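Just follow the structure's listing: the first ligand is 1, and inside any ligand the first atom is 1. Just so we're clear, the structure is a prediction, and the values are computed from it rather than from any experiment.
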Amino acid sequence: MTIQASQNKGWRFESNERKYLDEVLSSGFGAGESGTFNERLERMFADRHNQQYAITANSGTSTLHMGLYAGDIKAGDEVLIPTIGPAMTGYSVWQAGATPVYVDANPHTFLMDVDDARKKITPKTKAIMPVHIYGLMCDMTAVMALAMEFNLHVVEDCAQCMFAHDEQGRLAGTIGHVGSWSFENSKHLSTGDGGIVATDDEEMATKMRQFGGVGFKNIKAGSGKVRIDRNLFQNPNWERHNIMAYNYRLPELCAAVGLAQLEKADWLCDLRVLMGEAYTKAIGNNEMLVPQQVPAGFKHSYYTFGALFNPNLGVAWEEFRLKYMEFGGDGIFAAWQSVNKEPAFKGVGWGEVPVAEKLQRNLMQFTTNQRDEAERNKQAEILSKTLDFFKKH
Ligand SMILES: Cc1ncc(COP(=O)(O)O)c(C=O)c1O
């Protein structure tokens, strides 16, 4: 009975996950011939993104903090962030001791409005954090032009974005100084909780690995190994730490699951894209719901399917959601509060975001983690049925 239930709920973890977990335990957390699972996951992730370095961490919030540290972001600095999206972006800026500056959203793509970012630049602005919300990349050409002009550090938050690309075919997370991903359970790839950063810059990679690796001075860009020379390491005079730091390391058990997930990443990501496309088709040109606009040439990775609900047609947001669920839909999530509106951020940061606040009230997020065509068809048909229902009433 238990096995049946877990097989059902754990369908994303039925390849090498258990085998690798077993290898970790059997090895007593030692490294196998191909290195530790953290090393293998990092290497494969860096290769897939054509980046020199990848560094695992215990969450996608930790990786954002590491990414800001790579750019020396500190107290007194300002960091431009969007407000459509989880508060973790804001938290990471606060963790760095810096001030979040809230940037408004594009009403069609729901992503950071780079023109508004430009208006909010001050002498204190040191970094910008484009967040590829719902799995669609921001306009990185505009972000990088702004960053070049004002010498800003760029951390791409790809927590929701895996293997998406822009009109030039550039992969998410490979354009800014640092790309940051989350392996939290709802994400394209999951280790339960976890994250990873990627960069081409050796100095930044070293800084991030040390910062998340409790400041061991032996840590290098490409390796977290701290016991380089036994005779030095076991000597009472040996000094280990050269910076104040955090323990953001990803446990080996999680890395084992992560490697198995990355091995089948294309399949996991394609499932989400297929669901996103099915919802888009189900909506067609319906004026009640307008999908997130995908610019020409961009590939969306559909962490979730985001659409803007039109509240001016006599149907309330809540009423639409209830009907969708009554027809068997598996839920519609509202967008998170605009970050600046979360009680925790009261008095923290500055910047008006009227477009984002209006969008937030009307956005709908549909699930894209269906396991097969039957499940996808079911959700898409329920969405069509819900739209038809309100058209007729
Ligand atoms: C856009 C975005 N940034 C950051 C995070 C933080 O990731 P984590 O939950 O792994 O800390 C998340 C996910 O939760 C996210 O969706």
Side-chain angles (χ1 to χ4, degrees), residues 41 45 54-69 73 79-96 100 102-103 105 109-112 127-138 140 143 154-164 172-173 176 178-198 208 211-212 246-251 254-255 257-258 261-262 269 272 292 300-306 333-340 342 344-345 353 356 359-360 363 365-369:
L41 172 57
F45 196 89
I55 300 153
T56 52
N58 60 4
S59 80
T61 308
S62 308
T63 50
L64 291 176
H65 190 194
M66 287 158 64
L68 290 172
Y69 181 80
I73 304 307
V79 180
L80 298 159
I81 62 165
T83 67
I84 298 272
M88 289 70 142
T89 47
Y91 278 117
S92 67
V93 176
W94 170 81
Q95 285 162 1
Y102 307 114
V103 178
T109 63
F110 317 149
L111 301 169
M112 183 184 256
I128 184 166
M129 195 184 273
V131 182
H132 304 322
I133 274 303
Y134 300 150
L136 178 66
M137 274 173 80
C138 297
M140 287 305 294
V143 169
V154 183
V155 179
E156 280 181 72
D157 183 352
C158 316
Q160 303 189 359
C161 194
M162 185 66 76
F163 301 140
V178 174
S180 163
W181 288 261
S182 163
F183 294 145
E184 177 271 328
N185 194 35
S186 71
K187 301 301 188 297
H188 290 86
L189 311 184
S190 170
T191 60
D193 262 312
I196 197 162
V197 279
M208 289 193 285
F211 187 64
Y246 290 79
N247 181 355
Y248 281 164
R249 290 182 306 232
L250 182 70
C254 296
V257 174
Q261 292 269 288
L262 185 57
C269 294
R272 299 211 185 218
Q292 182 177 25
H300 199 313
S301 64
Y302 290 110
Y303 160 68
T304 182
F305 180 81
F333 292 80
W336 312 266
Q337 292 300 327
S338 185
V339 178
N340 57 308
E342 284 289 355
F345 285 79
V353 287
L359 279 174
Q360 187 276 331
L363 280 171
Q365 300 171 180
F366 295 81
T367 63
T368 53
N369 56 353

**Q** For ligand 1, which atoms sit closer than 4.0 Å to a heavy atom of Val131?
**A**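 Heavy-atom distances to Val131 below 4.0 Å select 1 (C).
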**Q** Among protein heavy atoms, which lies nearest atom 6 (C) of ligand 1, and at what distance?
**A**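 Here the nearest protein heavy atom works out to Thr61 OG1, 3.4 Å.
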**Q** Can you list the atoms of ligand 1 that are under 4.0 Å from a heavy atom of Ser182?
**A**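 By the 4.0 Å cutoff, the relevant atoms are 7 (O), 8 (P), 10 (O).
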**Q** Below a 4.0 angstrom heavy-atom separation, can you tell me which part of Ser59, side chain or backbone, both or neither, approaches ligand 1?
**A**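 It is both backbone and side chain that touch ligand 1.
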**Q** Where is the nearest protein heavy atom to atom 8 (P) of ligand 1: which residue, which atom, and how far?
**A**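 The answer is Gly60 N, 3.4 Å.
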**Q** Below the 3.5 angstrom mark, is there an N/O of Glu184, backbone or side chain, next to an N/O of ligand 1?
**A**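 Checking ligand 1 against Glu184, no N or O pair falls under 3.5 Å apart.
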**Q** List every atom of ligand 1 that sits less than 4.0 Å from any heavy atom of Met88, numbering the atoms from 1 in the order shown and giving each element.
**A**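 Every atom of ligand 1 under 4.0 Å from some heavy atom of Met88: 4 (C), 5 (C), 6 (C), 14 (O).
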**Q** Do any heavy atoms of Gly195 fall under 4.0 Å from ligand 1?
**A**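 It does not, in that no heavy atom of Gly195 comes within the 4.0 Å cut-off of ligand 1.
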**Q** Which residue, Val103, Val155, Val143, forms the side chain to side chain contact (heavy atoms under 4.5 Å, CB included) with Ile128?
**A**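 With Ile128 as partner, Val103, Val155, Val143 yield a single side chain to side chain contact (heavy atoms under 4.5 Å, CB included), made by Val143.
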**Q** Report yes or no: do Tyr248 and Thr63 form a side-chain donor-acceptor pair below 3.5 Å?
**A**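 No.
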**Q** For Lys187, is at least one N or O under 3.5 Å away from an N or O on ligand 1?
**A**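 Yes, Lys187 has an N/O under 3.5 Å of an N/O on ligand 1.
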**Q** Among Ala159, Gly194, Ser190, Ser186, which one has a heavy atom closest to atom 5 (C) of ligand 1?
**A**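 Among Ala159, Gly194, Ser190, Ser186, the closest heavy atom to atom 5 (C) of ligand 1 comes from Ala159.
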**Q** What is the closest protein heavy atom to atom 16 (O) of ligand 1, and at what distance does it sit?
**A**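 Residue, atom and distance for the closest contact: Gln160 NE2, 2.9 Å.
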**Q** What is the distance from atom OG of Ser92 to atom CE of Met129, rounded to the nearest 0.5 Å?
**A**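 The CE atom of Met129 is 3.5 Å from OG of Ser92, to the nearest 0.5 Å.
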**Q** Suppose we measure from atom 4 (C) of ligand 1 to each protein heavy atom; which comes out shortest, and what is that distance?
**A**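 Ranking protein heavy atoms by distance from atom 4 (C) of ligand 1, first comes Asp157 OD2, 3.5 Å.
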**Q** Centre-to-centre under 6.0 Å for Phe345 and Tyr91, is that the case here?
**A**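 Yes; Tyr91 has its ring centre under 6.0 Å from that of Phe345.
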**Q** Taking atom CH2 of Trp94 as the centre, does the number of heavy atoms from other residues, nucleotides or ligands within less than 6.0 Å exceed 12?
**A**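 For Trp94, atom CH2 is not crowded (no more than 12 foreign heavy atoms under 6.0 Å).
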**Q** Is the Phe45 ring parallel, tilted or perpendicular to the Trp181 ring (thresholds 30°, 60°)?
**A**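 The rings of Phe45 and Trp181 stand perpendicular, inter-plane angle above 60°.
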**Q** Would you confirm whether the ring centroid of Tyr246 sits within less than 6.0 angstrom of the ring centroid of Phe211?
**A**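 Ring centres of Tyr246 and Phe211 closer than 6.0 Å.
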**Q** Calculate, to the nearest 0.5 Å, the distance between atoms OH and CZ belonging to Tyr134 and Phe366 respectively.
**A**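 CZ of Phe366 is found 11.0 Å from OH of Tyr134.
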